[in-house]
Asks: 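Could you have a look at this structure, given as structure tokens, before my questions?
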Amino acid sequence: MQTITTINPATEESLKTYDLMTEQEATDRVEACHAAFEDWRKQSHEDRATYLQKLAATLREHADELAALMTRETGKLLKDGHTEVEICAAICDYTAQTGPGALADEDRTHAGGDKPGVVSYQPIGVIYSIQPWNFPLYQPIRVLAANLMAGNGCVLKHATICTGSALRLRELCIEAGLPEDLFQVVVIDHDVSDRLIAHPRVRGVTLTGSDGAGRHVGAEAAKALKKTVLELGSNDAYLVLEDADIETAVKYSLMGRLYNNGETCVSAKRFIVTDKVYDAFVDAFVAQMKAVTMGDPTEESSQLGPLSSQDQFDAVKSQVEDSVAKGAKVLCGGDAPDGTGAWYPATVLADLAPGMPAFDDEIFGPVASIIRAKDDADAMRLANDSRYGLGGGIFSKDEARATRLARDHFDTGMVHINSFGAADPNMPFGGVKDSGYGREHGGFGLKEFVNVKSIFMP
């Protein structure tokens, strides 16, 4: 029997070993989820909301335990783990409060307005959720909350390195009163996962992951005519325009690059700085990055913990080395310390050009790419010259102009003005181009996996 072992990336300590499920065991869980869905779909929206409110309270009650577990499995700062638990609880509360109204039947007319009709948002069944390791609770919860409210069941395939977090989440869902089989967790390999996508009880598939993973899962789902929502990677550009307040830009650029140890899809990665303020921004930003305290993720004083695994460390190290070999200049960091753990320092690269990983690709770690722009127009051109389009940011003292640029010209799904943020329950989350399609949060995720049914009355 195949097994997987979770490992603490800070200490390289083995945490727990799990058996991979057989295809039959995984299929049984899909069937059980479908059976639970048949009863769950009969619940009113208001009744479903009550369960979500209980889940929010349960998550908050177990916040210390959950944050510590996520830190052990992925190396995230303990304080970031606490923030993640609260975001999950807030998503459950938000969905409970807004879901019944958003999913209520809508009165329409047909036949030129002479006859009544109804648009109804009906659940469709089991949603297969494939999620990454960087936010072990948030990633599954944002799918689960929306689909529970919509009346669907959910089967989660989580990243192997946070298997413990996935299984604990299921236990807490049951503790909160959810039907035992409505939310299932499968511990399986990629081959079995592909076969689950094709299973007739699975009605929709959602993935958060790399663009490569998105292409594969999207293709497998398309073969089976299953709808997908894909939230994929990005190399988000943050523009420092000619009139930017440098102190503000440096503050939020530092926050945006180091949040969650730099392992966030929607975070500041490319810093496109206009020539007029280039030296001032780079000097101040590099000084701040040099001063970052990397250390024990359980300590309050630590600003940067380890990467999530040795594999992730190797990937980031290789991308930096490849960029440097092609001409990139290291302004700070770049040399990983010897010893135990997947520790990679806060790093800043400059003199970047197309063909370098630090220019073209997503570096999932605390590595900042500095790109010089001639002026504001050139900065926007460089920002959009990317295969990705998840998030981004603009630093400018003229917030009205920055907002117009964000709305009319920035080819991404999300833009922050003079700030940084990862996700908000009341704002849609998702991207364009190779960053995927579909939306979560803000009420939009509630309707991604429903049957929008038209009822024509005489």
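If you're wondering where the values come from, they're calculated on a predicted model, not measured in any experiment. Any value given below was found using the heavy atoms of this structure, including those in side chains, with hydrogens, waters and symmetry copies removed.
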Asks: So with a 6.0 Å cut-off around NE2 of His190, is the heavy-atom count from everything else above 12?
Replies: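 Incorrect, the count does not exceed 12.
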
Asks: Is it true that a side-chain atom of Arg142 and a backbone atom of Cys88 form a donor plus acceptor pair closer than 3.5 Å?
Replies: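 A pair under 3.5 Å: no.
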
Asks: When you compare the side chains of Glu175 and Thr58, does any donor N or O come within less than 3.5 Å of an acceptor on the partner?
Replies: no

Asks: With sequence neighbours excluded, what pairs up with Glu321 under the side-chain contact (heavy atoms from CB on, under 4.5 Å) test?
Replies: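 Glu321 satisfies side-chain contact (heavy atoms from CB on, under 4.5 Å) with Lys317 once adjacent residues are dropped.
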
Asks: Salt bridge check, Arg270 against Asp385: does any charged N sit closer than 4.0 Å to a carboxylate O?
Replies: no

Asks: Do Tyr437 and Thr228 have side-chain atoms, one donor and one acceptor, less than 3.5 Å apart?
Replies: yes

Asks: Specify whether His34 and Phe37 have parallel, tilted or perpendicular ring planes, treating 30° as the upper limit for parallel and 60° as the lower limit for perpendicular.
Replies: tilted

Asks: Please check if atom CD in Glu12 has more than 12 non-hydrogen atoms from other residues, nucleotides or ligands closer than 6.0 Å.
Replies: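 Atom CD in Glu12 is packed in, count exceeds 12.
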
Asks: Students often mix this up, so state it plainly: with edges at 30° and 60°, are the rings of Phe271 and Tyr238 parallel, tilted or perpendicular?
Replies: tilted

Asks: Do Ser309 and Asp311 have a side chain donor and acceptor closer than 3.5 Å?
Replies: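 Short answer, no.
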
Asks: Taking atom types as modelled, is there a side-chain donor on Tyr18 or Thr160 under 3.5 Å from an acceptor on the other?
Replies: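 Not at all, the side chains of Tyr18 and Thr160 share no donor-acceptor pair under 3.5 Å.
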
Asks: With a 4.5 Å heavy-atom cut-off, do Asp361 and Asn235 have their side chains touching?
Replies: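 Not touching, per the 4.5 Å side-chain cut-off.
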
Asks: Do the side chain of Asn260 and the main chain of Lys76 share a donor and acceptor less than 3.5 angstrom apart?
Replies: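 Side chain of Asn260 to backbone of Lys76, a donor-acceptor pair under 3.5 Å: no, none is there.
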
Asks: Hey, does the side chain of Ser165 reach the backbone of Pro136 with a donor-acceptor pair shorter than 3.5 angstrom?
Replies: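 Not a single qualifying donor-acceptor pair exists.
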
Asks: Between Asn152 and Val126 (side chain of the first, backbone of the second, donor and acceptor by atom type, cut-off under 3.5 Å), is there such a pair?
Replies: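 Judged by distance alone, no pair lies under 3.5 Å.
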
Asks: Verify the distance criterion only: is there a donor paired with an acceptor across the side chains of Thr22 and Gln24 at less than 3.5 Å?
Replies: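 No - no donor-acceptor pair under 3.5 Å links their side chains.
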
Asks: Salt bridge check, Arg215 against Asp434: does any charged N sit closer than 4.0 Å to a carboxylate O?
Replies: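 Salt bridge: yes.
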
Asks: In this structure, which one of Val415, Thr412, Leu390 forms a side chain to side chain contact (heavy atoms under 4.5 Å, CB included) with Asp236?
Replies: Leu390

Asks: If you measure only the distance, is there a donor-acceptor pair under 3.5 Å linking the side chains of Tyr94 and Asn426?
Replies: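 There is such a pair (donor and acceptor under 3.5 Å, judged by atom type) between the side chains of Tyr94 and Asn426.
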
Asks: Between Glu448 and Lys227, does any NZ, NE, NH1 or NH2 come within less than 4.0 Å of an OD or OE carboxylate oxygen?
Replies: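 So Lys227 pairs with Glu448 through a salt bridge.
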
Asks: Is there a side-chain contact between Phe313 and Trp343, using heavy atoms and a 4.5 Å cut-off?
Replies: no

Asks: Within the distance-only criterion (no hydrogens, no angle test), does the side chain of Thr264 pair as donor or acceptor with the backbone N or O of Val266 below 3.5 angstrom?
Replies: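 No, because the side chain of Thr264 does not come within donor-acceptor range (under 3.5 Å) of the backbone of Val266.
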
Asks: Looking at His158 versus Phe135, is the centre-to-centre ring distance below 6.0 Å?
Replies: no

Asks: Please state whether the rings of Phe456 and His110 are parallel, tilted or perpendicular, taking 30° and 60° as the class boundaries.
Replies: perpendicular

Asks: Using side-chain contact (heavy atoms from CB on, under 4.5 Å) as the criterion, list what pairs up with Asp105, not counting sequence neighbours.
Replies: Val118, Ser120

Asks: Does a side chain donor of either Thr3 or Thr17 reach within less than 3.5 Å of an acceptor in the other side chain?
Replies: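 On atom types as modelled, these side chains do not qualify, holding no pair under 3.5 Å.
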
Asks: Look at Arg372 together with Asp378 and state whether they make a salt bridge at an N to O cut-off of under 4.0 Å.
Replies: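 No salt bridge links Arg372 with Asp378.
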
Asks: Would you call Glu106 and Arg108 a salt bridge, taking side-chain N to carboxylate O under 4.0 Å as the test?
Replies: yes

Asks: Can Trp133 and Phe364 be said to form a ring-ring contact (aromatic ring centres under 6.0 Å, His included), step by step?
Replies: CA-CA 12 Å; Trp133 43 259; Phe364 220 57; 5.6 Å; yes

Asks: Should the pair Arg203 and Phe449 be classed as cation-pi, given the thresholds of under 6.0 Å to the six-membered ring centre and 45° from the axis?
Replies: no

Asks: Have Gln97 and Asp93 got a donor and an acceptor in their side chains that come within less than 3.5 Å?
Replies: no

Asks: Using a strict 4.0 Å threshold on nitrogen-to-oxygen distance, state whether Asp211 and Arg387 make a salt bridge.
Replies: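 Between Arg387 and Asp211 there is a salt bridge, with a charged N closer than 4.0 Å to a carboxylate O.
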
Asks: Specify the closest pair of heavy atoms between Pro425 and Ile91, including all atoms of both residues, with the distance to one decimal.
Replies: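 Here Pro425 and Ile91 meet closest at CG-CG1, 4.0 Å.
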
Asks: If you count heavy atoms of other groups shown closer than 6.0 angstrom to CG of Asp39, is the number above 12?
Replies: yes

Asks: Using only atom types and a distance under 3.5 Å, with no angle test, would you say the side chain of Asp322 pairs donor to acceptor with the backbone of Met356?
Replies: no

Asks: Nearest 0.5 angstrom please: Ile7 CD1 to Ile161 CD1, how far?
Replies: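 Answer for the CD1-CD1 pair, Ile7 versus Ile161, is 9.5 Å.
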
Asks: If you draw the axis of the six-membered ring of Tyr121, does the NZ or CZ of Lys447 fall within 45° of it and under 6.0 Å from the ring centre?
Replies: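 Yes, a cation-pi geometry holds between Lys447 and Tyr121.
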
